[in-house]
Amino acid sequence: MKSNLFLFFTLLLFVVGCTDNEEIHPVVPVDAGGEIEVSESVVTFTTGYSDTVSIDVEGTRWWVDNIVVEDTTAVVDRADKDAMAEGEDFSTVCRWLTVSRTGGRLELAVEDNFVIDERSFSVTLASEGDTVTIEGKQNGVPTGYWGDIIGLEPTSVTFSAEGGTAECSTDKANWEVIQIKVDGETTTSTLDERNEQHRTGKFEKTIGWLTVRADGVKLYVTTAPNDTGRERKFEVVLESGDCFNRLYGTQAAE
């Protein structure tokens, strides 16, 4: 019995001694990242020329998760995501878009857009607790890299509901009709059609209610009567080398 009591008090003193001499360290939870806030979630580059925009990002342990440029998707490597979560800088190029993260700032840089239409992209940021997607688009340079060597006049026409024909002039004949857009639907000229116009200076095509005809330095557009009860729109795109001109048209409702 005395032996058991002695052993009990010895263990008690040992436990008390350990409690008095060792510091107790509370468990500190790791910040897994929470809500992400951005100063801009929609970005538009209006001029078509190369440009850069900076976006402030508020949040902790966030990273660039993926980048979509037109029909191309780039997924960031896991190692790069982990590094960004720890605050490291990052930069990558996806086609014509450069995405850079420096501290709490995201930079988006675009190259010159010498194409016909606007182009789009998106950049998704993420943390363990949130995702934010920034949507962007870039307009095309209005006349292309060469400047305006076609000289289309006028560049917009308006028709009554009865329809009719409008005549436009250009500075020279060596251009082709490359696209016709009618009510939002785009028709692209074939290579044979473009070669034929380049050789003869003549072109003619009817799409629905619109007929487009080219003859030398002249461009003609003819609209059929509009009995739809709604306004109709069209666009004709001309190209000469790396120069583009556009004719915009509207036809009134009946």
Side-chain angles (χ1 to χ4, degrees), residues 35-59 62-76 80-81 84 89-127 130-148 150 152 155-156 177-189 207 230-250:
E35 184 178 359
I36 303 171
E37 294 185 2
V38 294
S39 57
E40 293 181 74
S41 60
V42 178
V43 177
T44 301
F45 295 90
T46 58
T47 67
Y49 294 103
S50 60
D51 200 359
T52 301
V53 65
S54 295
I55 299 174
D56 293 326
V57 182
E58 292 186 7
W62 61 270
W63 59 82
V64 178
D65 194 64
N66 67 72
I67 303 164
V68 178
V69 177
E70 294 176 304
D71 58 353
T72 301
T73 300
V75 179
V76 180
D80 289 327
K81 294 178 183 179
M84 282 186 277
D89 295 343
F90 171 79
S91 183
T92 189
V93 178
C94 183
R95 294 180 59 181
W96 42 267
L97 175 70
T98 299
V99 178
S100 303
R101 179 253 173 95
T102 305
R105 176 166 293 181
L106 185 74
E107 285 194 349
L108 307 175
V110 293
E111 300 174 359
D112 294 329
N113 181 15
F114 296 119
V115 296
I116 298 170
D117 297 315
E118 71 178 26
R119 53 192 186 182
S120 61
F121 65 88
S122 66
V123 179
T124 299
L125 312 181
S127 69
D130 197 11
T131 59
V132 171
T133 298
I134 299 166
E135 302 285 350
K137 67 178 182 178
Q138 182 190 25
N139 296 333
V141 175
T143 58
Y145 185 75
W146 289 3
D148 190 2
I150 297 175
L152 177 67
T155 57
S156 64
V177 177
I178 64 168
Q179 276 189 358
I180 302 171
K181 301 180 182 180
V182 178
D183 291 332
E185 296 293 326
T186 300
T187 300
T188 301
S189 300
I207 300 172
R230 60 177 177 79
E231 184 180 75
R232 305 195 292 199
K233 293 182 179 294
F234 69 86
E235 178 183 347
V236 181
V237 183
L238 314 182
E239 179 186 25
S240 179
D242 205 351
C243 170
F244 305 96
N245 275 191
R246 295 166 175 81
L247 174 67
Y248 298 96
T250 302

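These values consider heavy atoms only, across backbone and side chains, with no hydrogens, waters or symmetry-generated copies.
Looking only at atom types and distance, the side chain of Asp148 has a donor-acceptor partner in the side chain of Asn245 under 3.5 Å away.
Using a distance-only test at 3.5 Å, with no hydrogens or angles considered, no donor-acceptor pair links the side chain of Asn139 to the main chain of Glu118. Between the side chain of Asn66 and the main chain of Val76, no donor-acceptor pair closer than 3.5 Å is present. Thr102 places no side-chain N or O within 3.5 Å of a backbone atom of Arg105 that could act as its donor or acceptor partner. Although no hydrogens or angles enter the test, the distance criterion places a donor-acceptor pair under 3.5 Å between the side chain of Asp130 and the main chain of Ile36. Side-chain atoms of Arg101 never come within 3.5 Å of backbone atoms of Val64 as a donor-acceptor pair (strictly under, hydrogens ignored). A donor-acceptor distance shorter than 3.5 angstrom exists from the side chain of Ser189 to the backbone of Val177, with no hydrogens or angles considered.
Salt-bridge annotation for Arg119 and Glu70: absent, with no side-chain N of the basic residue lying under 4.0 Å from a carboxylate O of the acidic one. Ion pairing between a basic and an acidic side chain is recognised when a charged N comes within 4.0 Å of a carboxylate O; Asp183 and Arg232 show no such pairing. Salt-bridge check for Glu231 with Lys233: passed, with a basic side-chain N closer than 4.0 Å to an acidic carboxylate O.
Partners of Glu40 by salt bridge (Lys or Arg N to Asp or Glu O under 4.0 Å), not counting sequence neighbours: none found.
Annotation: side chain of Val57 is not in contact with side chain of Val132 (no heavy-atom distance under 4.5 Å). The side-chain heavy atoms of Cys94 and Thr72, taken from C-beta on, include a pair separated by under 4.5 Å. Residues Thr187 and Val182 are not in side-chain contact: their nearest non-hydrogen atoms beyond the backbone lie 4.5 Å or more apart. Taking 4.5 Å as the limit, some side-chain heavy atom of Arg95 sits within range of a side-chain heavy atom of Asp71. Looking at heavy atoms from C-beta onward, Asp89 lies out of side-chain contact with Ser100 at the 4.5 angstrom threshold. Asn113 has its side chain out of reach of Trp96: every pair of non-hydrogen atoms, C-beta onward, lies at least 4.5 Å apart. Residues Ile55 and Val43 are in side-chain contact: their nearest non-hydrogen atoms beyond the backbone lie under 4.5 Å apart.
One distance of note links OG of Ser156 with CG of Leu247; it measures 7.5 Å at 0.5 Å rounding. Separating the OG1 atom in Thr186 from the CD atom in Glu235 is a distance of 8.0 Å, to the nearest 0.5 Å. Taking CG from Asp112 and CZ from Phe45, the interatomic distance works out to 12.0 Å, rounded to the nearest 0.5 Å. Ser240 contributes atom OG, which lies 12.5 Å from atom CG of Leu152 (distance to the nearest 0.5 angstrom). To the nearest 0.5 angstrom, Ile207 atom CD1 is 4.0 Å from Ile180 atom CD1. Between the OG1 atom in Thr133 and the CG atom in Leu125 there is a gap of 7.5 Å [rounded to 0.5 Å].
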Asp65 and Thr131: side-chain contact (heavy atoms from CB on, under 4.5 Å), yes or no, with the steps?
CA-CA 9 Å; Asp65 194 64; Thr131 59; over 6 Å; no
Before giving the answer on side-chain contact (heavy atoms from CB on, under 4.5 Å), spell out for Val123 and Leu108 the whole-Å C-alpha distance, their side-chain angles and the decisive distance to 0.1 Å.
CA-CA 9 Å; Val123 179; Leu108 307 175; 3.9 Å; yes
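Counting non-hydrogen atoms of other residues, nucleotides and ligands closer than 6.0 Å to NZ of Lys137 gives a total of 12 or fewer.
When all heavy atoms of Trp62 and Ser127 are compared, the closest pair comes out as CA-CB, 4.3 Å.
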